Amino acid sequence: MRLEREEAQEQDLNLTPLIDMVFLLLVFFLAATTFARTEVEMDLDLPRSQAAKSDRETHLLVVNVRRDGSIRVDGREVTPDGLRQRLRAAAERNKDQSVLIRGDTSVQFGAVAMALDACLGAKLSKVSVAAEPEGTPR
């Protein structure tokens, strides 16, 4: 008696694990590239200083004064009145709010002084002006 072999069943390729891995990689790269990068997002040429520190504070409000005198806080452009309001609101939330003012080397000092004045008006005491340590490449 001759036994007939069952027809070879076609093996389907299971793509579910592959799709899961591609999805996880996509989520990872999207999350990794969208973190707030306040220090990098602005194209500022900071002055050099021997006393400048390169460590970052965690609860830091960064005010960027660009070449054209425009002011950006947390990546959004604000008017001088808007800056004062944001600083007052930050001071109300946290008495010890730290503020870092980053002014481009080619901006007139009046724009940086206005940002400093807004910090004083909001009664913020932890205010610093950013500079890059000497010897760092531009």
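Bear in mind the structure is a predicted one, so any value in this text is a computation, not a measurement. Every heavy atom of this structure was used, including side-chain atoms; hydrogens, water molecules and symmetry mates were not. The first residue of the sequence shown is numbered 1, and numbering continues consecutively from there.
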Beyond-backbone contact of Val62 with Arg102, side-chain heavy atoms, under 4.5 angstrom: yes
Lys/Arg-Asp/Glu bridge criterion (N-O < 4.0 Å) met for Asp104, Arg67: yes
Atom pair CG/OG of Leu60 and Ser128 - distance to nearest 0.5 Å: 6.5 Å
Greater than 12 external heavy atoms within 6.0 Å of Glu77's CD: yes
Closest contact, heavy atoms only, Pro17 versus Asn14: CD-O, 3.7 Å
Side-chain heavy atoms of Leu61 within contact of Leu87, under 4.5 Å: yes
Between CZ on residue Arg66 and OG on residue Ser106, distance to nearest 0.5 Å: 11.0 Å
Closest heavy-atom pair and its distance - Ala122, Ala91: O-CB, 3.4 Å
Phe28 side, atom CZ; Leu30 side, atom CG - distance, nearest 0.5 Å: 11.0 Å
By salt bridge (charged side-chain N to carboxylate O under 4.0 Å, His left out) - contacts of Asp81 (at least two apart): Arg84
Side-chain heavy atoms of Met114 within contact of Ile71, under 4.5 Å: yes
side-chain hydrogen bond (donor to acceptor under 3.5 Å, both in side chains): pairs with one or both residues in residues 85-96, sequence neighbours excluded: Asp74-Arg86
Distance, nearest 0.5 Å, that separates CG of Leu83 from OG1 of Thr79: 8.0 Å
Connected via hydrophobic side-chain network under 4.5 Å: Phe109 and Val63: yes
Non-neighbouring partners of Val127 that pass side-chain contact (heavy atoms from CB on, under 4.5 Å), sequence neighbours left out: Val99, Ile101, Leu116, Cys119, Leu124
